[in-house]
Amino acid sequence: PTAVMVQEAAYASCKTTATASHLCARNLLGGLGPLVASAVGAKYGLQQALLIAPVAYLLSAAAFWYAELLVRREVEGRLVCALCTEDEIDALASGDDDDEDRDKSIVLGKSLKV
């Protein structure tokens, strides 16, 4: 799921760099799990070391949820930027709502916090 999120959030000109950076970080950080478990297991015992996994899963779920909110906000903001002119975006972001701008925000179905 994270690779898809990276692809959605990255601009077209840097999708490959973003994906490569993501895979590099994932592989480097993912390799630390067994090392941490073995270090904790050596000090406190294997049972306590394996209790780290459920905590890590819960933290991971919270991180995925937060990342999904950020990616959705980024993609929606990019869609608004593609559909509106800069002046329209500035007017919507500043709260200067006239009927035309309000209609556009309703049509786009977004809270235009750019």
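A quick note: this is a predicted structure, and the numbers were derived from the prediction, not measured.
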Mark yes or no for whether Ser38, through its side chain, and Pro34, through its backbone, hold a donor-acceptor pair below 3.5 Å. yes
Closest contact, heavy atoms only, [X] versus [Y]:
| X | Y | answer |
| --- | --- | --- |
| Gln7 | Lys15 | O-NZ, 3.0 Å |
| Glu68 | Met5 | N-CE, 3.2 Å |
| Ala49 | Ala37 | CB-O, 3.3 Å |

Atom CG of Leu32 and atom CG of Asn27: how far apart are they, to the nearest 0.5 Å? 11.5 Å
What's the separation between atom CG in Leu70 and atom CH2 in Trp65, rounded to the nearest 0.5 Å? 9.5 Å
Are Tyr44 and Ile52 in one and the same hydrophobic cluster, where Ile, Leu, Val, Met, Phe, Trp and Tyr link if side-chain heavy atoms are under 4.5 Å apart? yes
Can Leu29 be reached from Leu35 by stepping across I, L, V, M, F, W or Y side chains whose heavy atoms are under 4.5 Å apart?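 Cluster IDs for Leu35 and Leu29 match.
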